[in-house]
Protein chains: 2
Amino acid sequence: MSLTESSAFEIASAASLASRRLAILSNAERNEALTTLYQGLSENKDAILAANARDVANARHGTENGSLSHSIFKRLDLSKPGKYDDMLQGILSVRDLKDPIGNVTLRTLLDDDLTLERVSCPIGVLLIIFEARPEVIANIAALSIKSGNAAILKGGKESTESFVEISRVICEALSHTAVPKSAIQLVQTRDAVSSLLAQEDLIDLVIPRGSNELVRFVKDNTKIPVLGHADGLCSAYIHHDADVDIAVKVIVDSKTDYPAACNSLETLLVHENVLRDIWPGIAEALMAKGVTLKCDEASKAALVNTLDAARRSLIVDAVDSDYDTEFLDLILAVKTIPASPAYSDVEAAITHINTHSSKHTDIIITESRNTADYFMSSINSAGVFWNASTRFADGMRYGFGTEVGISTNKIHSRGPVGLDGLTIYKYLVRGVGHGAGDYFDGGKQWKHEALPLN
Amino acid sequence: MSLTESSAFEIASAASLASRRLAILSNAERNEALTTLYQGLSENKDAILAANARDVANARHGTENGSLSHSIFKRLDLSKPGKYDDMLQGILSVRDLKDPIGNVTLRTLLDDDLTLERVSCPIGVLLIIFEARPEVIANIAALSIKSGNAAILKGGKESTESFVEISRVICEALSHTAVPKSAIQLVQTRDAVSSLLAQEDLIDLVIPRGSNELVRFVKDNTKIPVLGHADGLCSAYIHHDADVDIAVKVIVDSKTDYPAACNSLETLLVHENVLRDIWPGIAEALMAKGVTLKCDEASKAALVNTLDAARRSLIVDAVDSDYDTEFLDLILAVKTIPASPAYSDVEAAITHINTHSSKHTDIIITESRNTADYFMSSINSAGVFWNASTRFADGMRYGFGTEVGISTNKIHSRGPVGLDGLTIYKYLVRGVGHGAGDYFDGGKQWKHEALPLN
């Protein structure tokens, strides 16, 4: 199918109409649809994994001839241990979460017989664009249905086979439920993105999942609000009072647990005073896992004398751009924070991070609660952690069931975006013929009395 | 001063640095700054009103020679009864609101000694662009300081004199407080907007206050998220069971209380069955206030036989574009909703509103709670009211103290935007050396246990 502007309009119009019906379904009806979706994806696991295996085989050719990046390839494979079952479990976790719709978050008596309520409601129509990661389809479908939003999903060519098979299963499953047919539409064409991005009157939010290039393309080519992150440049700062075991554990996990992930560590800031005692142990543990260290002069000097040739080959001189690079691989940029009085050292680390990080997740290793508190309130990122791995920045790990993506936006929704990020609210006022003109000077008085929410 | 790209960068950089200091001030320090601001604006009331009178005089020439719109003129005058005192009172109301910063809205035990917190925090740097309405400067300054955000305010040429005088007072007042000097910067040049809108790395949110043209210009010329409304096309639907007194009261207030406001009524949908009994009374009350009615055939036919020539001159034939027009004047578009079985009539009204309204505020007049509930859950607007005037859509009336604007966005903040809309949150994780890799299959188990928020 070739998607012209008019068919993008038709798809978005159908989604918009479906979103109105979806918005008035009960939580029970939405949950039932999720159960049916779960069953469909469970029963068709073999067929879906077979389709995915074809995508993986195609992608392997792509990485071999250089046309596909290694990180996209790593994200494509649904057959990795636990991945498919995690995807299925994610649907049930979302289903069992509290209904995000219809919650009253403010109730005020404005005057006698005049009340104000703020009630959570769906946003409307979501457009989700992704490249690899076929499990995203199930996550997004589940989150959209639970939150009462219609979703248009546009997959990338790398996951075509998985996408077609999962689409078939989802459509078939939903046809037996109260969720309208056009609530989840799966679009699989090359030209679709630009024409869908032009439907700002019908689509309320775009969520791109994929490479930096994809996210930047989307942000540069639409007036629709975009939720997501172009970069995941996470940093860690090791303060002079860091515990060595904690530092080694957290830094190694942050860097090596899954280097292709957006929440893996890319820049390490080491306090000058621990270059001799703590840094070599961390460096050794990282190099033992194959990590290349791009070091500034001081952090390099602290290592080289004690290393054999094999290790030394893993140490290279950092250049300025390394501190602005998301490697997504077993590479880490290392910079020394000079010792200085009072909090000037912590301030220097904070300034580096607020300037260079992508506002995703940044961490500090310190034994001081005060220093941690200062760092955590000063760092302007979606996640700020103390003595814990950057890799905890994830909707499943946060207990959100699953996530629709991680946002580095400064408004609406930040960090792992779960159900809450897919809702908004409306204000309801109920009167018995009230006019506002009666409340001017000398007129009726406002009560503005908080009422119980239930 | 001529604002080049580099000085826009300097202004935004200074704001960004100030926002970091502002973010760690205590509520007491921020409140003290607001008290000082209030005192300064109280003591300088005469000088500010004198400056405003010069703006009003200039604007009067503008409206006379057609270079300035009537609605901008109406918004400019600070000397209208109660307006200045409302502005002053707004600062104290904001000061006395609950601290919006540092509130923990989620606390989860992820595992032993590993906790997750979601804590409210400032957004960072706001850019507020406005045309007339000089009282906006005080509102915005108060809301920004209370919420810990730095703000860059860019005024329009219509309010130059007021702006310069208020700026002087604000700068002088804040210099005696803990709020850093660059936290509130007032920029008064013609060329500033485009270069400020290009500072997407430093400015986090733009709030335009003014004409549709201004808002559209801003939305079309920046990658920074924009909060606001281009249009305030509010609609009312009178159902067949409406109470006549309620209908007259609410519709007249909605249309005539302040026609230049974004929350005034622009389109009236009248159920066919009340054209004879209820509609003429509403029409008469509106015409008595000088309202021109742009009617469709049926709503016109219901009136003309009983009217004298003077009244008949206030009735004109509606054209399609009237139902998409924000008149901001004593003009109302009227359309008949045909009687039909079941909820098809309500559905027709809902469809009209969801298609033509600007998602600002829409109301229903009905005696049926069920019909009202259906309408309120189906209408996709920031405010949906039952038997109450559209004019209640306002931060002061909602009890928010004051507002930074009214948003018709579908994300982040909707309707009157008070302090909540100027905050976001960050996720804090505290561990004792936790790595995420330990929680894979067969490893450690998540606790995901909700903890008390206090």
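Just so we're on the same page: letters track the sequence lines, and every chain starts at 1.
- Between the side chains of B:Tyr425 and A:Ser413, at least one donor-acceptor pair of N or O atoms lies under 3.5 Å.
- Residue contact with chain B, scored on non-hydrogen atoms closer than 4.5 Å, involves the side chain of A:His448 exclusively.
- Taking a cutoff of 4.0 Å between a charged side-chain nitrogen and a carboxylate oxygen, B:Asp438 and A:Lys249 qualify as a salt bridge.
- Residues A:Ile24 and B:Ser378 approach most closely at CG2-OG, 4.2 Å, considering heavy atoms.
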Next item on the list: Apply the test side chain to side chain contact (heavy atoms under 4.5 Å, CB included) to residues A:Leu428 and B:Trp386: give CA-CA distance (whole Å), side-chain angles for both, the deciding distance (0.1 Å), then the verdict.
Entry: CA-CA 8 Å; A:Leu428 307 180; B:Trp386 175 27; over 6 Å; no
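- Only the side chain of B:Leu106 comes within contact range of chain A, judged by heavy atoms closer than 4.5 Å.
- Under the 30°/60° scheme for interplanar angles, the aromatic rings of B:Tyr427 and A:Tyr398 are found to be tilted.
- Formation of a donor-acceptor pair under 3.5 Å by the B:Lys426 side chain with backbone atoms of A:Gly415 is not found in this model.
- With contacts defined as side-chain heavy-atom distances shorter than 4.5 Å, the pair B:Pro81/A:Phe440 does not qualify.
- Atom CG in B:Asp420 sits 8.5 Å away from atom OG1 in A:Thr105 (nearest 0.5 Å).
- The parts of B:Ile123 that come within reach of chain A are both its backbone and its side chain, each placing non-hydrogen atoms under 4.5 angstrom from that chain.
- Electrostatic pairing of B:Arg397 and A:Asp111 does not count as a salt bridge here, judged by no charged N lying under 4.0 Å from a carboxylate O.
- Side-chain atoms of B:Thr108 and A:Phe400, non-hydrogen and from C-beta on, never get closer than 4.5 Å to each other.
- Under the 3.5 Å distance criterion, the side-chain polar atoms of B:Asn387 are left unmatched by any main-chain donor or acceptor of A:Gly433.
- Note: A:Val384 leads A:Ile350, A:Asp245, A:Val384, A:Asp243 in heavy-atom pairs under 4.5 Å with chain B.
- Annotation: side chain of A:Pro225 is not in contact with side chain of B:Asn409 (no heavy-atom distance under 4.5 Å).
- Using a 4.5 Å cut-off between heavy atoms, A:Tyr258 does not touch chain B at all.
- Looking at B:His434, the atoms closer than 4.5 Å to chain A (heavy atoms on both sides) sit in the backbone and in the side chain alike.
- For B:Asn354, the part lying under 4.5 angstrom from a heavy atom of chain A is the side chain only.
- Between B:Arg430 and A:Asp373 there is a salt bridge, since at least one side-chain N of the basic residue sits less than 4.0 Å from a carboxylate O of the acidic one.
- The existence of a salt bridge linking A:Arg20 and B:Glu347 is confirmed by a sub-4.0 Å separation between a basic side-chain nitrogen and an acidic carboxylate oxygen.
- The local environment of CZ in A:Arg107 is crowded, with over 12 non-hydrogen atoms from other residues, nucleotides or ligands closer than 6.0 Å.
- Judged purely by atom type and a 3.5 angstrom limit, B:Lys410 has no side-chain atom pairing as donor or acceptor with the backbone of A:Ile203.
- Closest approach of A:Asp204 and B:Ile411 over heavy atoms only: O-CG2, 4.4 Å.
- The most heavy-atom pairs under 4.5 Å with chain A, out of B:Met376, B:Met396, B:Lys447, come from B:Met376.
- Listed options B:Gly383, B:Gly82, B:Ala382 were ranked by heavy-atom pairs under 4.5 angstrom with chain A; first place goes to B:Ala382.
- Closest non-hydrogen pair, A:Ala388 versus B:Val429, comes out as CB-CG1, 3.9 Å.
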Next item on the list: In sequence, state the C-alpha distance, the side-chain angles, and the governing distance for A:Lys223 and B:Asp220, and then conclude on side chain to side chain contact (heavy atoms under 4.5 Å, CB included).
Entry: CA-CA 8 Å; A:Lys223 292 182 191 166; B:Asp220 288 347; 3.2 Å; yes
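- A heavy-atom distance below 4.5 Å is found between the side chains of B:Arg414 and A:Cys121.
- Looking at B:Leu114, the atoms closer than 4.5 Å to chain A (heavy atoms on both sides) all sit in the side chain, from C-beta outward.
- The parts of A:Thr351 that come within reach of chain B are both its backbone and its side chain, each placing non-hydrogen atoms under 4.5 angstrom from that chain.
- Heavy atoms only, all atoms of each residue included: A:Ala436 and B:Ser389 are closest at N-CB, 4.0 Å.
- Within the 4.5 angstrom heavy-atom criterion, only side-chain atoms of B:Arg118, from C-beta onward, approach chain A.
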